[in-house]
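For reference, the structure is listed below as structure tokens.
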Amino acid sequence: MAKDDKKITPRDQDYAQWYLDVIREGDLAEPAEVVKGCMVIKPHGYALWEGMQGDLDRRFKATGHKNAYFPLLIPQSFIRKEAEHVEGFAPELAVVTHAGGKELEEPYVVRPTSETIIGHFFAKWISSYRDLPLLINQWANVMRWEKRTRMFLRTTEFLWQEGHTAHSTHEEAEVETRRMLDIYGDFAEEIMAMPVIKGEKTATERFAGALSTFSIEAFMQNAWALQAGTSHDLGQNFGKAFNVRFQNEQGNLDYVWQTSWGVSTRLVGALIMCHSDDIGLVLPPKLAPIHAVVVPIFRKAHERERVMEACTKLREELVAKGLTVELDDREGIKPGQKYYHWEARGVPVRVEIGPRDLDKGQVALKQRLEGSEREFVPMDQAVSRTLALMDEIQAEMFARALKRREDATVTVDSWDDFRDIFPEGKSKFVYAHWCGDPEVEKQIKEETGGVTIRNIPLDQPQEPGECIRSGRPSKQRVLFSRAY
RNA sequence: CGGGGCGUAGCGCAGCCUGGUUAGCGCGCCUGCUUUGGGAGCAGGAUGCCGGAGGUUCGAAUCCUCUCGCCCCGACCA
């Protein structure tokens with residue numbers, strides 16, 4: 001195939017098309033075609049989600065949470081019990097009105113999130129302060145009839161986990177809200193190699209029915225932000241709506257303080273847009289379903305024999321060390337094509353073994369990272385070097401992602417400068433002062449064609465200043481960006 | 001939901017305006033031989049309810065109506 005026949009549109013040419021190309025060539029997913037706004041997650045893509053699930057699940061359990069499962073269908077009346085919650089979700093509900101050949105007396109909604117039905121059961125399960133805290137997590141699918149969908153980032157049906165906890169004091173619920181935010185932040189940075197900014201959402205962007213909402217915001221390569229995880233302090237709103245009461249140590253009845261928190265298959269989209277390049281997917285070793293691929297190279301039959309023997313042996317040694325390794329022994333395909341095949345799928349390390357290498361007692365190792373060169377290592381160090389590369393690549397991916405973000409992060413103090421950063425579709429991470437008025441926030445969004453406050457970063461110094469738009473006093477800078 | 005674009009082979013597309021034999025091209029796929037250190041070559045071959053349903057017509061991928069879905073830009077959101 002000619003060079004100009006590239007299957008992946010370069011990022012700087014058309015970022016949205018690049019994203020779709022990477023998903024297709026990476027064999028991650030495809031549109032469901034026959035079901036609006038839904039997608040089929042293919043094995044390679046689903047493996048990424050499984051990797052995320054596995055690590056997060058361990059972290060949840062290590063902090064005392066237990067998994068449970070609640071029904072997919074929720075009585076419509078439940079959604080209505082919490083005023084803001086209805087208002088927030090009503091437009092995007094899918095409703096089941098018929099079942100068993102009859103019209104239902106009360107329709108069910110397909111869960112958009114489970115606060116309400118879990119609230120109902122919490123009310124049954126909780127009666128004493130001794131029942132608290134109650135720390136529940138659910139791995140599930142949910143459905144939100146969004147106006148516009150994008151693969152992984154916003155599909156009608158998506159997979160997620162939703163944590164739901166009940167506490168006897170607000171303080172304890174606040175600690176829980178922040179603890180889970182930290183877990184999300186650690187996971188994103190340690191496992192996904194994706195730096196994030198933790199902060200509190202403004203009232204405008206708050207979860208429907210929450211007292212406060214926190215998020216981790218990730219930087220995508222087009223300098224847009226992506227909300228990658230949220231944690232909500234629900235106060236007593238759902239406790240009151242579902243009458244979840246407990247008797248405290250003094251014998252008085254009180255409503256529980258609840259939290260909820262979640263991440264979704266959107267993280268797969270985040271992973272793609274954070275790291276991948278014009279060749280295709282780039283995966284951090286800690287999530288890569290395949291850590292290394294061994295590509296044999298030979299011409300003659302006798303070469304084939306000794307090359308395959310060496311490849312098989314190395315593969316076995318790597319597998320014994322806990323890596324998942326593919327040996328690409330497909331016949332009739334040239335090595336170059338195999339390289340592209342595995343690069344598009346994001347395999348972190350490629351091992352090449354040919355007759356010349358065997359003669360020299362070496363193997364060739366190639367990292368998936370952009371700009372990396374082949375390195376030749378002695379055969380007896382192939383395993384240790386490959387293992388070491390896993391850690392090196394993981395760290396390098398984080399470092400590069402962080403650098404990309406920092407290179408696109410600015411502090412701005414004048415409205416003119418601010419506007420200049422955001423011409424049509426352009427973006428950066430901008431730290432600027434904001435007076436706290438939702439009207440001003442809305443005004444900024446309208447005047448810039450979509451720039452929003454991503455969050456109020458937690459680790460920002462309290463530094464007084466003047467609002468970028470209104471000029472009124474501000475306590476600290478907030479993070480502005482275009483966002484998915 | 002508003003604006004724009006698009007559904008033709010597994011993928012990417014041409015053909016449609018101006019209706020007319022058997023619907024094409026590239027890649028991929030199958031067979032054989034030659035190949036294999038960055039997307040191999042030659043020869044043969046398979047694959048299409050032209051997104052779906054109506055209509056106009058002697059005749060529809062092509063014209064008309066409706067519908068389903070996808071993509072992009074907005075408003076809504078994980």
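A note on names: the letters A, B, ... follow the listed sequences, proteins ahead of strands, and every chain is numbered from 1. Because only heavy atoms are used, hydrogens play no part in the values below, and waters and symmetry mates are left out as well, while side chains stay in.
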Inset, instruction - To the nearest Å, give me how far apart CD (A:Glu30) and P (B:C11) are. - result: 8 Å

Inset, instruction - Go ahead and name the base partner of B:U18; Watson-Crick or wobble counts if both distances stay under 3.5 Å, otherwise write none. - result: none

Legend entry - Rounded distance in Å - NE2 (A:His341) to C1' (B:U36): 17 Å

Legend entry - Gap in Å between the two C1' atoms, one belonging to B:G4 and one to B:A9, rounded: 29 Å

Legend entry - Spacing of the P atoms in B:G19 and B:C13 (rounded, Å): 27 Å

Inset, instruction - Please state how far atom CG in A:Asp328 lies from atom C1' in B:U36, giving the value in whole angstrom units. - result: 12 Å

Legend entry - side chain to side chain contact (heavy atoms under 4.5 Å, CB included) partner of A:Tyr184, chosen from A:Val196, A:Leu267, A:Ile216: A:Ile216

Legend entry - Identified side-chain hydrogen bond (donor to acceptor under 3.5 Å, both in side chains) counterpart of A:Tyr339 within the set A:Glu352, A:Arg350, A:Lys334: A:Glu352

Inset, instruction - Indicate, yes or no, whether a donor-acceptor pair under 3.5 Å links the base of B:G38 to the side chain of A:Arg350. - result: yes

Legend entry - Polar side-chain contact A:Arg374-B:G38 base: donor and acceptor under 3.5 Å: yes

Inset, instruction - To the nearest Å, give me how far apart CD (A:Glu331) and P (B:U31) are. - result: 12 Å

Inset, instruction - Considering only atom C1', compute the distance from B:G7 to B:A14 and round it to an integer number of Å. - result: 14 Å

Inset, instruction - Compare side-chain N and O positions of A:Lys334 against OP1 and OP2 of B:G38 and report whether any pair is under 4.0 Å apart. - result: no

Legend entry - Salt-bridge criterion met for A:Asp21 and A:Arg24 (N-O under 4.0 Å): yes

Legend entry - C1' spacing across the pair B:G26 / B:U21, given as an integer number of angstrom: 26 Å

Legend entry - A:Phe418 and A:Phe422 aromatic centres sub-6.0 Å: yes

Legend entry - Heavy-atom protein contacts under 4.0 Å, nucleotides 68-78 of chain B, coded B base, S sugar-phosphate only, - none: -SSSSB-BBBB

Inset, instruction - Inspect the surroundings of CD in A:Glu87 and state if more than 12 heavy atoms from other residues, nucleotides or ligands are less than 6.0 Å away. - result: no

Legend entry - Base-pairing assignment for B:C27 (Watson-Crick or G-U wobble, both under 3.5 Å): B:G10

Inset, instruction - Verify the stacking flag for A:Tyr339 against B:G38: centroid separation must be under 5.5 angstrom and the ring planes must differ by under 30 degrees. - result: no

Inset, instruction - Any chance you could lay out the ring pair (Phe, Tyr, Trp, His ring centres under 6.0 Å) test for A:Trp261 and A:Phe60, step after step, and finish with the verdict? - result: CA-CA 11 Å; A:Trp261 28 274; A:Phe60 298 158; 5.1 Å; yes

Inset, instruction - Would you mind reading off the distance between A:Glu25 atom CD and B:G28 atom C1', rounded to a whole angstrom? - result: 11 Å

Legend entry - For B:U47, the Watson-Crick or wobble partner whose two distances fall under 3.5 Å: none

Legend entry - Protein-nucleotide distance (A:Glu373, atom CD; B:G37, atom C1'), rounded to Å: 15 Å

Legend entry - Euclidean distance for P, B:A60 against B:C50 (whole angstrom): 12 Å

Legend entry - Flag if over 12 foreign heavy atoms under 6.0 Å of CD, A:Glu309: no

Legend entry - Check: A:Phe78 ring centre within less than 6.0 Å of A:Phe242 ring centre: yes

Inset, instruction - Could you give the distance separating B:G52 and B:G10 at their P atoms, to the nearest angstrom? - result: 13 Å

Inset, instruction - For A:Glu343, answer base if it contacts any base atom (sugar-phosphate contacts may also be present), sugar-phosphate if it contacts only those atoms, and nothing otherwise; contact means non-hydrogen atoms under 4.0 Å. - result: base

Inset, instruction - Name the pairing partner of B:A40, where a pair is Watson-Crick or G-U wobble with both distances under 3.5 Å, or state none. - result: B:U34

Inset, instruction - Taking atom C1' in both B:G38 and B:G74, compute the distance separating them and give it to the nearest angstrom. - result: 43 Å

Inset, instruction - Decide yes or no, distance alone: a donor-acceptor N/O pair under 3.5 angstrom between the base of B:G28 and the side-chain of A:Gln337. - result: no

Legend entry - Assigned partner base of B:C70, Watson-Crick or wobble definition, under 3.5 Å: B:G5

Legend entry - Any strand: nucleotide that pairs with B:A78 via Watson-Crick or wobble, under 3.5 Å: none

Legend entry - C1' gap between B:C29 and B:U47, integer Å: 9 Å

Legend entry - Sugar-phosphate, base or nothing in reach of A:Pro355, heavy atoms under 4.0 Å: base

Legend entry - Exceeds 12 heavy-atom contacts within 6.0 angstrom, atom CZ of A:Arg330: yes

Inset, instruction - Write down the distance between CZ (A:Arg299) and P (B:A40), rounded to a whole number of angstrom. - result: 14 Å

Inset, instruction - For A:Gly354, answer base if it contacts any base atom (sugar-phosphate contacts may also be present), sugar-phosphate if it contacts only those atoms, and nothing otherwise; contact means non-hydrogen atoms under 4.0 Å. - result: base

Inset, instruction - Specify the separation, in whole Å, of atom CZ of A:Arg24 and atom P of B:G10. - result: 15 Å

Inset, instruction - Report yes or no: is the cationic atom of A:Arg405 (NZ for Lys, CZ for Arg) closer than 6.0 Å to the six-membered ring centre of A:Phe429, at no more than 45° off its axis? - result: no

Legend entry - Base-pairing assignment for B:C63 (Watson-Crick or G-U wobble, both under 3.5 Å): B:G55

Inset, instruction - Using a cut-off of strictly less than 4.0 Å, decide whether A:Arg356 has a side-chain nitrogen or oxygen near OP1 or OP2 of B:G37. - result: no

